[in-house]
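Note that the structure is predicted; figures quoted are calculated from it, not measured. Because only heavy atoms are used, hydrogens play no part in the values below, and waters and symmetry mates are left out as well, while side chains stay in.
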Amino acid sequence: MSDRLTVLKTYKLYVGGKFPRSESGRVYEVSDSKGKWLANAPLSSRKDARDAVVAARKAFGGWSGATAYNRGQVLYRVAEMLEGRRDQFTREVADAEGLSKSKAAAVVDATIDRWVWYAGWTDKIAQVVGGGNPVAGPFFNLSSPEPTGVVAVLAPQESSFLGLVSVLAPVIATGNTAVVVASERSPLPALSLAEVLATSDVPGGVVNVLSGRTTEIATPLAAHQDVNAIDLAGADEALAKELEIAAADNLKRVLRPQPVDYAETPGIDRMTAFLETKTVWHPTGSLGASGSSY
């Protein structure tokens, strides 16, 4: 009996809830930390980036309009699906980051826990950063956070899974939609995460995942007029400066790269970075300082 040939996995992009190959038809080789070939990943083009923005914009209304509690349920479902594919992600993280199986398993566990952590924040962040404001007058003055819109996320280059989730989860937990540029050197965990998102309850277009050359994909995203914000976590200093200049054209919110220990419990900074605050005034029905009413 002849030896069985392994069925190799074909990795694809994730755009608008579907798995297209790159519009360019190009791929590039992904290797492990020792230079061993792992897979061919799609090499995204500018057209792929534009398609991802269109999909993210289309999904924004429904996702931002969902209740915060419902978004939390959806994100928790993703964590359930990640738990079920824990062994697969352990292998991919071990290959991507050159870790032992036990250390990779610890990273995957931390990643799943991080996703649950952000799922729990969806219906609480409004109480922390919003609420009633004390004013002198017969008015209610209420501030509430709202999502910024479509956010381009450059995933960290070295932390291919924990870092990826640490920058993606806060974006969608607060009602934004995302276009993710996966780690250029280690994109496979991000492309596999897309398969989890597709088989969970996350609506198509809420998260779109692109792989390829970070500079090639990030440049059109930073200049895109329908992208509202950009997280430069995966950019080096020179690229970050270039993208920040491009982002200024339509006054995008920009989160510059900074040293981060993704193993530490995060604060709420990455959630508030992509929230806008809306303040509403409303008369109380009182006629004046005396407190008399209508």
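Looking only at atom types and distance, the side chain of Ser186 has no donor-acceptor partner in the side chain of Glu158 under 3.5 Å away. Side-chain atoms of Lys12 and Ser22 form no donor-acceptor pair, as typed in the model, at a separation below 3.5 Å. Side-chain contact check for Arg26 and Asn40: no donor-acceptor pair (N or O, by modelled atom type) lies under 3.5 Å. With hydrogens and angles left out, the side-chain atoms of Ser143 and Thr277 include no donor and acceptor closer than 3.5 Å.
Using a 4.5 Å heavy-atom cutoff, the side chains of Ser44 and Ile217 are in contact. Between Tyr11 and Val27, the closest side-chain pair of non-hydrogen atoms is not below 4.5 Å. Looking at Val135 and Trp281, their side chains come closer than 4.5 Å, going by heavy atoms from C-beta outward. For the pair Tyr28 and Pro187, the minimum side-chain heavy-atom distance is below 4.5 Å. Side-chain contact between Val179 and Val227 is absent, with no heavy-atom pair separated by less than 4.5 Å. Residues Leu164 and Val180 meet the side-chain proximity criterion, which asks for heavy atoms closer than 4.5 Å. Within the 4.5 Å cutoff, side-chain heavy atoms of Thr279 are placed close to those of Asn133. Contact of the Leu221 side chain with the Val53 side chain is registered, since non-hydrogen atoms from C-beta on lie closer than 4.5 Å.
The main-chain N or O of Tyr118 is never found under 3.5 Å from a side-chain atom of Thr122 such that the two would form a donor-acceptor pair. No donor-acceptor pair closer than 3.5 Å links the side chain of Asp201 to the backbone N or O of Val74. Thr6 places no side-chain N or O within donor-acceptor distance of the main-chain N or O of Leu8, the cut-off being under 3.5 Å. The closest donor-acceptor contact from the side chain of Asp48 to the backbone of Ser45 lies under 3.5 Å. A donor-acceptor pair is defined here as one N or O able to donate and one able to accept, closer than 3.5 Å; such a pair exists between the side chain of Lys252 and the backbone of His224. Side chain of Asn176 to backbone of Val150: no donor-acceptor contact under 3.5 angstrom is found. Looking at Arg253, its side chain does come within 3.5 Å of a backbone N or O of Ala273 through a donor-acceptor pair. Looking only at distances, no side-chain donor or acceptor of Thr177 sits under 3.5 Å from a matching main-chain atom of Val206.
Under the 4.5 Å side-chain contact rule for hydrophobic residues, Leu243 and Phe274 do not share a cluster. The hydrophobic clustering, which links ILVMFWY residues whose side-chain heavy atoms are closer than 4.5 Å, places Ile112 and Val167 together. Tracing side-chain contacts under 4.5 Å through hydrophobic residues (I, L, V, M, F, W, Y), one never reaches Leu75 starting from Leu275; they form parts of separate clusters. Both Leu193 and Val30 sit in one connected hydrophobic cluster of ILVMFWY residues. Membership requires side-chain heavy atoms under 4.5 Å apart, directly or through other members. Note on Leu168: it does not cluster hydrophobically with Leu13, by side-chain heavy-atom contacts below 4.5 Å among ILVMFWY residues.
Salt-bridge check for Asp95 with Lys36: failed, with every basic side-chain N at 4.0 Å or more from each acidic carboxylate O. The residues Arg91 and Asp87 are annotated as not salt-bridged, no charged nitrogen and carboxylate oxygen being separated by less than 4.0 angstrom. For the pair Glu92 and Arg85, the salt-bridge criterion is not met [side-chain N within less than 4.0 Å of a carboxylate O]. Salt-bridge check for Glu216 with Arg46: failed, with every basic side-chain N at 4.0 Å or more from each acidic carboxylate O.
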Full working for side chain to side chain contact (heavy atoms under 4.5 Å, CB included) between Lys9 and Gln88: CA-CA 12 Å; Lys9 182 173 180 177; Gln88 175 199 343; 3.3 Å; yes
Test salt bridge (Lys or Arg N to Asp or Glu O under 4.0 Å) applied to Arg185 and Glu97, step by step: CA-CA 10 Å; Arg185 184 177 66 84; Glu97 301 179 21; over 6 Å; no
Determine whether Val129 and Ile268 satisfy the following criterion, side chain to side chain contact (heavy atoms under 4.5 Å, CB included), listing intermediate values before the conclusion. CA-CA 10 Å; Val129 300; Ile268 64 172; 4.2 Å; yes
Go through it in stages, so that I can follow the logic: the residues are Asp231 and Val171, the test is side chain to side chain contact (heavy atoms under 4.5 Å, CB included), and I'd like the CA-CA distance, side-chain angles, deciding distance and then a yes or no. CA-CA 10 Å; Asp231 185 344; Val171 169; 5.5 Å; no
Step-by-step side chain to side chain contact (heavy atoms under 4.5 Å, CB included) determination, Ile172 to Val207: CA-CA 8 Å; Ile172 63 173; Val207 178; 3.8 Å; yes
Walk me through it: do Asp236 and Gln157 pass the test side-chain hydrogen bond (donor to acceptor under 3.5 Å, both in side chains)? CA-CA 9 Å; Asp236 59 30; Gln157 298 296 335; over 6 Å; no
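With sequence neighbours left out, the salt bridge (Lys or Arg N to Asp or Glu O under 4.0 Å) criterion links Lys101 to no other residue. Remark: Arg114 engages no residue in a salt bridge (Lys or Arg N to Asp or Glu O under 4.0 Å) (not counting sequence neighbours). The salt bridge (Lys or Arg N to Asp or Glu O under 4.0 Å) check on Arg256 picks up Glu237, Glu244, with sequence neighbours excluded.
Atoms CD1 and CE, from Ile125 and Met271 in turn, are 4.0 Å apart once rounded to the nearest 0.5 Å. Atom OG of residue Ser183 and atom CZ of residue Phe161 lie 13.0 Å apart, to the nearest 0.5 angstrom. Rounding to the nearest 0.5 Å places OH of Tyr14 at 15.0 Å from OG of Ser211. Here the CG-CZ distance, from Leu82 to Arg77, works out to 11.0 Å after rounding to the nearest 0.5 Å. The structure places OG1 of Thr67 at 8.5 Å from CG of Asp123, a figure rounded to the nearest 0.5 Å. Arg57 CZ to Asp226 CG: the interatomic distance, rounded to the nearest 0.5 Å, is 4.0 Å.
Closest approach of Ala178 to Val153, counting heavy atoms only: CB-CG2, 4.4 Å. Contact record, Tyr262 with Leu162: O-CD2, 3.5 Å, taken as the closest heavy-atom pair. Contact record, Ser200 with Leu197: OG-O, 2.9 Å, taken as the closest heavy-atom pair. Taking all atoms of both residues into account, the shortest heavy-atom contact from Phe140 to Pro283 is CD1-O, 4.2 Å. For the pair Ala52 and Asn208, the tightest heavy-atom approach, listed with the atom from each and the gap, is O-ND2, 3.6 Å. The minimum heavy-atom distance linking Leu43 with Ser24 is given by the pair O-OG, 3.2 Å.
Few gaps surround NZ on Lys124; more than 12 heavy atoms of other groups in view lie less than 6.0 Å from it. The local environment of CZ in Phe19 is crowded, with over 12 non-hydrogen atoms from other residues, nucleotides or ligands closer than 6.0 Å.
A cation-pi arrangement is absent between Arg71 and Tyr76, since the terminal nitrogen or guanidinium carbon is not both under 6.0 Å from the aromatic centre and inside a 45° cone about the axis.
Applying the side chain to side chain contact (heavy atoms under 4.5 Å, CB included) test between Phe89 and each of Val196, Asp109, Thr111 identifies Val196 as the sole match.
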